[in-house]
Every structure is written in structure tokens, then in C-alpha cells.
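The first residue of the sequence shown is numbered 1, and numbering continues consecutively from there. Just so you know, these numbers come straight off a predicted model, no measurement behind them.
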Amino acid sequence: MDGHRRRHNQRHNRFRHLLPAISAISGTILLLYFLLSFLAPSPDHLHHFQHHTSLHDNIINDAIEAPTVSSVFNVPTSSKMISDRNLWSTSMSEFYYGCSNASSQFPKAQSVTRTSRYLLIATSGGLNQQRTGITDAVVAARILNATLVVPKLDKKSFWKDASTFSEIFDVDWFISNLSKDVKIIRELPHKGGKKWSPYSTRVPRKCDERCYHIRVLPLFSKRRAVQLSKFDYRLANKLEIDLQKLRCRVNYHALKFTDPIIKMGQKLVKRMRNMGKHYVALHLRFEPDMLAFSGCYYGGGEKEIKELNKIRKRWKNLNVSDPDKERRQGRCPLTPEEVGLMLRALGYGKDINIYVASGEVYGGDETLNPLRELFPNIYSKETIATEQELKPFSSFSSRMAALDFIVCDESDVFVTNNNGNMAKILAGRRRYFGHKPTIRPNAKKLSRVFMDRKNMTWEAFSSQVRVHQIGFMGEPNESRPGRGEFHENPTSCICEKTNHKSNLPRKIGNKISEADETVNDESDDNREWYNPDESEDEDEDGLVSNLQYRLNDTNVDDLSTGENELEDLLSD
């Protein structure tokens, strides 16, 4: 019996001594398991339009299929809109209003215009890029105390539209509406039966008042007429406040489309309204050229890589870096499906009506189908108007763009998938006329949420989307509404009612109150709260916020023909 007990004790002691070794080995195995699980690629890494791979991967093995896993991410099928915010208006918008009238210290045009100075402008790009040029041209003429000749529209850019100013904008209204600010004439006067030959030059981008006085004013002593070519973004974002207000008077009041464009545009708006009380307008910008420029990957496999690489070869100086990095930096446009998921996460139900303003969508119906599954009621001008109705406009890209502009401007909610000129102009216009919701995806922050969505519940996904979209919804009190472009955020022209009962306005962001003045005599004592020159530290505005980011040649004025076309394409 004692021998049996001794043998049992010996075995027990040996087992007890082995316990630490067994525990160490087990812990090591467990640690390796978790490490391998963390480093392993996501099971649906190659899923179309969900995860992104590098464009530098030369071979994609289509035969490899990701293992099937059950996902906790399920988009609600209910069409009921659930949100903790008003989906169709911005908070406190009723306390803000557009205020762009000249102050009493701003002299009338008749008293400052020099009879011997004529300024001509040649705009550049598509409709909305030209609109910024026209707006700034009026201010440039005022700075120079010159008579402005009705600007010439670009007919040679990528858009190839031969329309004249008077075929898109109401030229009589333009001239008369601004008569107190700047003298405007239709054509350059004749001298001895012949037209004057203007001195042609170009000013730098973001040229301020001093810049115009130094670079352009002396030229009038040589010639009575000076023409500024490729006039886009040739005026600084920050100017004296009365000049900023003049910018707003031009853009929001004097630039009016012709009657045929307005009538057709309003017809489209009415048809969208007849389908429901509200509608969302989406500027999708998912064209092949846009995607090629972005340098991003959208899940289309080897076919997509070959197609987009072929387009990229048209631009020799185009830098294409790691697509995953581009995605993380917010320089990739959202896919139509991602736009739809963002809207659903923000609380918009699947039964809302969406108007899509877009050119050719890369991938066609296959790309749009995921968006249609989320929002079945999708329309465009081609689907709500007949071919006969669109015939007077369909051969002119700028007139077609003007129709989209009107429908997007009148929408209850405007969603932009890039930060081109149409997005900026509409964002500023919607702020000026009541801060109607304008959703600009925070692509930089949303990229990780989209990539990780299969690993989270819908509730967690929608919560993160809402948090990241704070400051990107067109609210009056947003601290970073864009990169400081005045056309996108015209702070000098937006006032806040400090007490709506007594109607005492003040400038947004500062505490300087104004006396209640008539609309024709506004104070110019206020200063801008937002310094546009201090807002370029972070790129959260999407792929077209900085064209030069991808071009080796840092001087945009010296770009080749192909690269100039690229600039024109991406700007609108």
C-alpha cells in the first residue's frame, strides 16, 4: 500500500513540475493564433466595390474565392426614415440670411470708372468654372476702375461648347443689375472704324487688389484695352469686404440663366416635386476620366486596371501612387453604393426620390445597381424629360449642365461626391439662400468605416457615419466648410440675426453687431471670421480639391494641352 502511495505521489509531483511548461506552450500557441488572425487579410478582400487592392499588383487571380462568412452588417429593409436630426433643413438656418448689398462707403460706378480703361476677360473650363471667372471679372474691373466688356466663354476646352455668354446667361439683366457697381458693355468700341487691339496678358492665381494694381493697371497707359486670358481663380479668396459683397451680388443676383434654360429647369424641378414632397439631388461624378485621375481602385479587377491605365496614358505628368493611400487620404470619390450607404446611415429612407446629375457612369448599370437597391427611385433629366424637350440643349454641354444646376439648386438636399466647381458654387449658393442642407462626404474619415463595415453592425456603422459627417452637412455654424474658397463659403455675405424679434444682424463667427439697416445700406465694418489662407493644412475635400497634387509640373499655367483638358474636366 505504501509503495503504491509513493508511486502516485511521484507521478503527481512530476505532473506538477510539468504544469508551467505546458502553460507556457499553450500561451505561445494562443498568442500565435491571435497574431495570425490579426495579420490575415479580410475574407472579402477581393469583393467587388467593397475593398481595395493596390494598382501595382500586376496579377489578380480571379480563380481565388474568398471563404464565405456570416456578416453582422445588414442594411435595414424598412423604408421608414429614422434620424435624430431634421433631414430636410439645417439647424438654426432661420437665424441666417444673405446680405450682399453695398455699404454707403462703396462709391457708385459712374464716379470711379475711367473712360480710357476697358477690361476684357477670356474665361476657362466648363460652365461652373467659367461662372467663377465671370464673377471675379466684375470685381477685377471694379478694382481697376475699368469698363468691363461682356466676358467671352471658353469654346476650346474639354467641354467643346460653342455657346456664347448671351446664349447661357441673360446679358441684359447682367448689365443692368450691376450698373451701379461696374460699367459693362457688350463689345469693345471701335476706333476709326476699327476695333481696338487689346493688350493680352495673364495674372497669377489668387491675385489680390495690390497685385492687380501692380500687374495690370500700368498696362492701360500702353493700350486702352487689356485682355486677361484663362481667367479662372485669378482673384484672391480674401478681399476688402465691399468687394466680397460685390462678388455675391454678381454670383447670386446678376448671373441669371436665359429664359429657355430657366423654363426647362423649372419643368424638371416640378416633375421631381410631383413625385413627392422632398427630393435629394446627387452630383455623382463617377465618370471614367474622374476615376482614372484619382489613381484609386474600385474593385473591378484586372479589367478595371487596364481600362483606367489606358485613360491615364493621355496625361504624361499624372502621378499615380498607392491607391490604398489615396483612399485613406480621402482622394477617392465614393462609389455609388457607398454614397447610398452614407445616405441611409444618415437617416434617409429607401423610398425618397433622388435626382442624379452625372455624366457617363463607369461600369454603367452594374455600378448603379447597388445604389438602386438602396434607393429604387432614381431619376435624371433624361428619364423625366422627353428627347424632344431636351433637344434644344442636348448638343451643348454647358446648357445641359445648367439644367442640372437648377435642379440641384432647388433640391431639398444636395449631395456632392467631389469638390469641383459645381459643388463649390452650389454649396455657397445654398448657404446664401437659407443654408439648405448640402452634404459633402468626409471621405478621409469615412474610408475606414466603409472598408471595415462587414465587421460591424449596421447600428455601429450608421453611428460612425453620423459622427464623421458632423461639419460636412451645410450647417450655418460649421467650422471647416471647405478649403476656404470664397465661392464655396461666402462668409462676408451671410449675416446672423442676434435677436430675430428685433431683427438685429451680425456677422457669422464674430460678435460685432450692426444696426438694423435698409437693404441698400449695409455696414462694412465687419471682418471675415474665417481665414481662407489658414485652412489648407488638411485635405478632406476629395479628389479634385487640389489638381496640382498629382501633377509634376507645379505651374498650372504651363500645363500641356492634355493636362489643361484634365484640369477643365475635373473642375466642373
Side-chain angles (χ1 to χ4, degrees), residues 81 83-100 128 237 248 251-252 269 278-285 330 333-334 339-340 342-348 352 354-357 404-446 465-497 507-509 528-530 532 535 538 540-542 544-545:
M81 291 183 290
S83 178
D84 55 359
R85 54 179 289 273
N86 191 323
L87 298 173
W88 305 110
S89 65
T90 56
S91 61
M92 300 189 297
S93 59
E94 61 183 298
F95 301 115
Y96 299 89
Y97 64 97
C99 52
S100 63
N128 296 291
N237 281 315
C248 295
N251 200 0
Y252 307 135
V269 171
H278 302 288
Y279 74 90
V280 172
L282 168 60
H283 192 212
L284 193 55
R285 289 316 302 268
L334 271 57
V339 173
M342 178 191 69
L343 289 174
R344 289 293 297 273
L346 291 173
Y348 294 93
I352 66 169
I354 296 182
Y355 178 91
V356 176
D404 278 340
F405 186 97
I406 292 172
V407 183
C408 290
D409 184 36
E410 294 286 339
S411 66
D412 299 283
V413 176
F414 174 59
V415 183
T416 172
N417 196 24
N418 71 96
N419 205 38
N421 282 306
M422 180 170 173
K424 291 176 182 177
I425 292 266
L426 279 171
R429 184 178 179 86
R430 291 169 69 86
R431 286 181 181 278
Y432 183 83
F433 289 109
H435 281 87
K436 293 187 291 184
T438 300
I439 300 175
R440 181 167 51 97
N442 185 354
K444 188 173 182 179
K445 296 293 179 62
L446 291 180
V465 169
R466 294 184 193 189
V467 168
H468 292 322
Q469 279 302 118
I470 294 174
F472 291 78
M473 304 293 288
E475 295 284 349
N477 53 352
E478 287 178 354
S479 59
R480 275 194 95 250
R483 295 176 62 85
E485 294 288 352
F486 182 78
H487 296 293
E488 181 179 7
N489 186 29
T491 54
S492 300
C493 306
I494 300 174
C495 295
E496 178 184 353
K497 302 174 185 177
K507 290 292 295 128
I508 298 177
E528 292 183 84
W529 67 279
Y530 182 71
S535 65
E538 191 175 353
E540 290 183 334
D541 292 328
V544 297
S545 60

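- Closest non-hydrogen pair, Gln469 versus Arg440, comes out as NE2-O, 3.3 Å.
- Annotation for His435 and Thr90: closest pair O-OG1, 2.7 Å, computed over non-hydrogen atoms.
- With sequence neighbours excluded, the residues satisfying disulfide (SG to SG under 2.5 Å) with Cys248 are Cys493.
- Between Ile439 and Leu346 there is a side-chain heavy-atom pair separated by less than 4.5 Å.
- Two residues are said to be in side-chain contact when any heavy atoms from C-beta on lie closer than 4.5 Å; Met342 and Val415 meet this criterion.
- Closest approach of Lys436 to Asp412, counting heavy atoms only: CB-O, 4.5 Å.
- For the residue pair Asn442 and His468, the shortest heavy atom distance occurs at ND2-O, 3.0 Å.
- Here the closest heavy-atom approach between residue Gly434 and residue Ser93 is recorded as O-CB, 3.5 Å.
- Put simply, the side chain of His278 does not reach to within 4.5 Å of the side chain of Leu87, judged on heavy atoms.
- For Tyr432, the ring-ring contact (aromatic ring centres under 6.0 Å, His included) criterion is met by Tyr252, His253, not counting sequence neighbours.
- Between atom OG1 of residue Thr416 and atom CG of residue Leu426 there is a gap of 8.5 Å, rounded to the nearest 0.5 Å.
- In this structure a side-chain-to-backbone donor-acceptor pair under 3.5 Å is missing from Glu475 to Pro437.
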Working for side chain to side chain contact (heavy atoms under 4.5 Å, CB included), residues Phe405 and Arg429: CA-CA 11 Å; Phe405 186 97; Arg429 184 178 179 86; 4.1 Å; yes
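- Partners of Thr438 according to the side-chain contact (heavy atoms from CB on, under 4.5 Å) rule, which considers only residues two or more places apart in sequence or in another chain, are Phe414, Ala427, Arg430.
- In this structure, the separation between CD1 on Ile406 and SG on Cys408 is 10.5 Å, given to the nearest 0.5 Å.
- Smallest separation of non-hydrogen atoms from Val280 and Ile352: CG2-CD1, 3.8 Å.
- Relative ring orientation between Trp88 and Tyr348 is described as perpendicular, the plane-to-plane angle rising above 60° on a 0-90° scale split at 30° and 60°.
- Remark: the backbone N or O of Phe486 is paired with a side-chain donor or acceptor of Asn237 at under 3.5 angstrom.
- Arg431 has a carboxylate O that lies under 4.0 Å from a charged side-chain N of Glu478, or vice versa, which qualifies the two as a salt bridge.
- Counting only heavy atoms from C-beta outward, the side chains of Asn418 and Pro333 never approach each other to under 4.5 Å.
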